[in-house]
> 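Got a structure here, written out as structure tokens. Questions coming.
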Amino acid sequence: MIKASIGLQDLRRKIYLKAKSDKTWRFWGLYVHVCKIETLHLAYREAKKNNGAPGIDGVSFADIEAAGLKAFLEQIQNELHSRTYRPMRNRIKEIPKGNGKVRTLGIPGIRDRVVQGALKLILEAIFEADFQEGSYGYRPKRTAHTAIDRVASAVVKNKTRVIDLDLSAYFDNVRHFTLIKKVAERVNDDDVLRLLKLILKVGGAKGVPQGGVISPLLSNLYLNEVDKMLERAKEVTRKGRFTYIEYARFADDLVVLVDGFGKWEWLLKAAYKRLVEEFEKLGVQMNQEKTQIVNLTQDETFSFLGFDFRRIKTRRGAWGGDELLHE
DNA sequence: CCGTCAATGAC
RNA sequence: CUUGUCAUUGACGG
């Protein structure tokens with residue numbers, strides 16, 4: 001068959017539309033697209049524009065281009081085709097976080113960043129179709145600003161009981177088996193699954209490495225079931241255009257807002273209980289000290305994406321909108 | 001319309 | 001030998 005080779009952008013759009021219109025479809029024949037020079041080349045350019053440092057092999061972008069980019073990409077393609085590709089160990093680098101703690105990065109070699117990037121380009125087209133409205137982190141065309149708008153708007157509409165969740169180190173706690181199972185719900189391609197397992201395994205027995213190109217996408221997939229649960233809670237309690245629960249998640253930063261009227265107290269409790277269950281199933285720890293339920297009508301506050309949310313009174317004494325303070 | 005290269009900021 | 005994703009803004013080029 002002489003099917004004219006379609007461009008990567010068209011392919012990704014086609015995959016996305018299929019996934020969107022057929023929610024149970026399992027994609028096959030994806031590996032060949034991951035291995036295409038066009039895909040690898042785009043992944044290389046994306047990696048290069050971050051000006052990142054080399055992995056454990058010390059090979060830089062300048063080194064690669066001095067030896068010839070074309071040969072570099074063809075070498076990767078050959079190894080992928082012959083199933084001899086093996087990712088190298090990640091280079092471990094500890095960097096200080098703001099609060100005096102350290103963040104452990106797992107930095108893949110540049111050629112492994114290219115492979116992960118190629119895989120990400122294909123898988124993202126599928127899973128973007130499955131992600132929920134309230135999920136904002138690491139997603140194309142989504143900004144922290146719109147996530148904050150969603151929360152602010154919910155507060156204005158009287159959602160004043162807030163579950164402010166803190167997840168401890170959830171990148172590190174992703175269970176590979178559970179994650180692969182979620183990927184396999186949509187991907188019926190043994191080569192792709194095998195490649196993904198190789199990539200996960202060099203990062204350790206569990207967790208996705210901070211520094212990995214596909215880690216953000218995988219982390220969103222891992223928590224997609226939580227987003228779906230909250231979305232269902234919203235739709236089940238909906239009365240026409242009125243909703244009584246809202247949520248927004250940006251990576252591990254999650255807030256759930258429930259209507260402040262007394263008759264919805266049960267919904268707040270139920271949502272919290274369901275969240276505990278979902279995170280338990282996933283092996284993700286809720287930080288019990290920093291997770292809190294606040295009541296905005298009692299002058300309590302919460303923080304989301306660096307903004308402090310509080311309810312203020314207007315000069316007339318009526319409840320005004322929400323207010324954002326500090327950065 | 002397509003591309004390249006700087007910044008910034010959320011996690 | 002501070003990694004990654006995403007977004008925004010700006011400059012320039014064909």
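Values in this document were obtained by computation on a predicted structure and should not be read as measured data. Numbered from 1 within each chain, the chains take letters A, B, ... in sequence-line order.
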> For RNA chain C, what dot-bracket results from Watson-Crick or G-U pairs at under 3.5 Å, with [ ] for crossers and | for inter-strand partners?
...|||||||||||
> Figure out the CD1/P separation between A:I148 and B:dG9, and round it to whole Å.
14 Å
> Figure out the CG/C1' separation between A:L42 and B:dC2, and round it to whole Å.
14 Å
> Can you check whether A:H81's main-chain N or O pairs, donor with acceptor, with A:R83's side chain at less than 3.5 Å?
yes
> Are A:Y136 and A:F250 near enough that their ring centres are under 6.0 Å apart?
no
> Indicate, with a heavy-atom threshold strictly under 4.0 Å, whether A:R45 touches base, sugar-phosphate, or nothing.
sugar-phosphate
> Separation of A:F304 atom CZ from B:dA10 atom P, in whole Å?
13 Å
> If you measure only the distance, is there a donor-acceptor pair under 3.5 Å linking the side chains of A:D63 and A:S60?
yes
> What integer distance in Å separates A:K93:NZ from C:U2:C1'?
7 Å
> Spell out protein contact along nucleotides 3-14 of chain C as letters: B when the base is contacted, S when just the sugar-phosphate is, - when no protein heavy atom is under 4.0 Å; keep the 5' to 3' order.
BBBSS-------
> Please determine if A:R249 forms a cation-pi arrangement with A:F304, meaning its NZ or CZ atom is less than 6.0 Å from the six-membered ring centre and no more than 45° off the ring axis.
no
> If you count the non-hydrogen atoms of other residues, nucleotides and ligands that lie under 6.0 Å from NZ in A:K290, is the total more than 12?
no
> Between B:dA7 and C:C1, how far apart are the C1' atoms? Round to whole Å, please.
23 Å
> Using whole Å, what does the distance between atom P of nucleotide C:C1 and atom CD of A:E94 come to?
19 Å
> How far, in whole Å, is C:U3 from B:dA6 if one measures between their P atoms?
14 Å
> Do you see a donor-acceptor pair shorter than 3.5 Å between the side chains of A:E65 and A:Y44?
yes
> With the threshold set at 4.0 Å, does a side-chain nitrogen-carboxylate oxygen contact exist between A:R111 and A:E79?
yes
> When you check the gap from the basic side-chain N to the acidic O, do A:R161 and A:E300 get nearer than 4.0 Å?
no
> Could you check whether A:K281 pairs with A:E278 (Lys NZ or Arg NE/NH1/NH2 to Asp/Glu carboxylate O, under 4.0 Å)?
yes
> Rounding to a whole Å, what distance do you find between A:L254:CG and B:dC11:P?
14 Å
